[in-house]
Undergrad: 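Encoded as structure tokens, here's the structure I'll be asking about.
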Amino acid sequence: MKKILIVTIALMLSAASAGAQILIGGHIGFGTRADGNGLSLSLYPDISYRLNNNFVVGGQLSYRTGYNRLGVNPYLRCHLKPFGTDVVTVFLSANLPCEFEGSASSVSLRLRPGFTVKVSENFYLVANIGYTGYTWTFNGRRLISSGWYSQFNQDSVNIGFCVAL
């Protein structure tokens, strides 16, 4: 975990020194609680650096009610402009989320599609839709499960924003 955090910070610092643009934002998600009773609220503050018109490197903190789960999620995002315009871009994000819940923890490698809509020169709406990847789950330091998974349902849709500084 410490190595992942150090690598993420190093990437962000090198991006900042290269004159990259800082993006600050986040998103809120809603889903089903772990016990199945009611909704769960997810909060994801986000900071990232636009390396160029196609690549963004960044990280999120995460908290999800109903699970009491905290997490860190570094990512690299590749933007494509399929419509020949800067207003709408689609992206594929490679994420490395690490989540902690009591003595349990998990580390995943995810691919996550999404899109951005440029509302103004410095304000963007961002949406993530589903994900697929591999996860390792631990109890303390002991690996208790691992495997491939995909999720494309209401719990995997997040809508947020970012502001370019």
Side-chain angles (χ1 to χ4, degrees), residues 1-18 20-34 39-80 88-102 104-119 122-138 149-165:
M1 175 61 201
K2 289 181 185 177
K3 290 179 185 178
I4 294 169
L5 189 58
I6 290 170
V7 168
T8 302
I9 291 170
L11 285 172
M12 288 180 172
L13 290 175
S14 65
S17 66
Q21 188 173 21
I22 299 171
L23 304 166
I24 295 177
H27 65 266
I28 297 173
F30 296 95
T32 307
R33 292 176 53 100
L39 290 177
S40 171
L41 173 67
S42 302
L43 303 173
Y44 298 90
D46 187 308
I47 185 166
S48 58
Y49 297 98
R50 183 178 311 163
L51 301 174
N52 58 36
N53 286 335
N54 297 88
F55 290 97
V56 173
V57 63
Q60 295 176 325
L61 297 176
S62 65
Y63 177 72
R64 188 167 181 180
T65 64
Y67 290 84
N68 294 322
R69 187 179 297 164
L70 294 170
V72 175
N73 182 14
Y75 61 85
L76 175 66
R77 188 176 288 161
C78 177
H79 286 262
L80 305 171
V88 176
T89 63
V90 296
F91 62 79
L92 183 62
S93 191
N95 299 41
L96 189 64
C98 305
E99 296 181 320
F100 309 95
E101 183 179 4
S105 61
S106 67
V107 176
S108 302
L109 180 58
R110 291 181 182 164
L111 293 177
R112 185 162 208 188
F115 64 93
T116 62
V117 177
K118 185 176 185 178
V119 177
N122 295 322
F123 187 79
Y124 300 85
L125 296 177
V126 181
N128 293 299
I129 306 159
Y131 52 84
T132 188
Y134 196 87
T135 191
W136 297 266
T137 305
F138 301 89
Y149 64 94
S150 293
Q151 186 172 8
F152 291 91
N153 60 26
Q154 74 276 5
D155 285 347
S156 65
V157 175
N158 293 303
I159 298 172
F161 71 95
C162 69
V163 176
L165 302 179

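Numbering starts at 1 and runs along the sequence shown.
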Undergrad: Decide yes or no for Ser108 and Tyr149: does some side-chain heavy atom of the first lie under 4.5 Å from some side-chain heavy atom of the second?
TA: yes
Undergrad: Are the side chains of Leu76 and Val56 in contact, using a 4.5 Å heavy-atom criterion?
TA: no
Undergrad: Would you indicate whether the side-chain heavy atoms of Asn73 and Arg110 approach each other to under 4.5 Å?
TA: no
Undergrad: Does Ile129, at its CD1 atom, have more than 12 non-hydrogen atoms belonging to other residues, nucleotides or ligands within less than 6.0 Å?
TA: yes
Undergrad: At what distance, to the nearest 0.5 angstrom, does CG of Leu80 lie from CG of Asn54?
TA: 7.0 Å
Undergrad: Which heavy-atom pair separates Gly59 from Tyr75 by the least distance, and what is that distance?
TA: N-CE2, 3.6 Å
Undergrad: With heavy-atom distances below 4.5 Å as the criterion, would you say the side chains of Glu99 and Thr135 are in contact?
TA: no
Undergrad: Is a side-chain N or O of Thr65 found less than 3.5 angstrom from the main chain of Leu41, in a donor-acceptor match?
TA: yes
Undergrad: Where do Pro113 and Gly130 come nearest, in terms of heavy atoms and distance?
TA: CD-O, 3.7 Å
Undergrad: Just to verify, which of Asn95, Leu96, Val57 counts as forming a side-chain contact (heavy atoms from CB on, under 4.5 Å) with Pro74?
TA: Leu96
Undergrad: Look up atom CG in Leu70 and atom CD in Glu101, then write down how far apart they are to the nearest 0.5 Å.
TA: 9.5 Å
Undergrad: So, do Tyr49 and Ile22 sit near enough that their side-chain heavy atoms are less than 4.5 Å apart?
TA: yes
Undergrad: Answer yes or no: is there a donor N or O on one side and an acceptor on the other, between the side chain of Arg112 and the main chain of Thr132, under 3.5 Å?
TA: no
Undergrad: So Phe91 and His79, would you call those rings parallel, tilted or perpendicular, with 30° and 60° as cut-offs?
TA: tilted
Undergrad: Tell me the closest heavy-atom pair linking Tyr44 and Ser42, and the distance in Å.
TA: CE1-CB, 3.2 Å
Undergrad: Are Tyr124 and Asn122 packed together at the side-chain level, in the sense that at least one heavy-atom pair is separated by less than 4.5 angstrom?
TA: no
Undergrad: Measuring from Leu165:CG to Leu23:CG, what's the distance to the nearest 0.5 Å?
TA: 7.5 Å
Undergrad: To the closest 0.5 Å, what do you measure between OG (Ser48) and CD (Gln21)?
TA: 9.5 Å
Undergrad: Starting at CZ of Phe161, measure out to CD1 of Ile24 and round the result to the nearest 0.5 Å.
TA: 9.5 Å
Undergrad: Quick one: OH on Tyr131 to CG on Leu109, what's the gap to the nearest 0.5 Å?
TA: 13.5 Å
Undergrad: Walk me through it: do Val72 and Leu61 pass the test side-chain contact (heavy atoms from CB on, under 4.5 Å)?
TA: CA-CA 5 Å; Val72 175; Leu61 297 176; 4.1 Å; yes
Undergrad: Are Val126 and Arg77 side-chain neighbours, meaning at least one heavy-atom pair lies under 4.5 Å?
TA: yes
Undergrad: Side-chain contact test, heavy atoms from C-beta onward, threshold under 4.5 Å: evaluate it for Ile159 versus His27 and give yes or no.
TA: no
Undergrad: For Leu111, does the CG atom have more than 12 heavy-atom neighbours from other residues, nucleotides or ligands under 6.0 Å away?
TA: yes
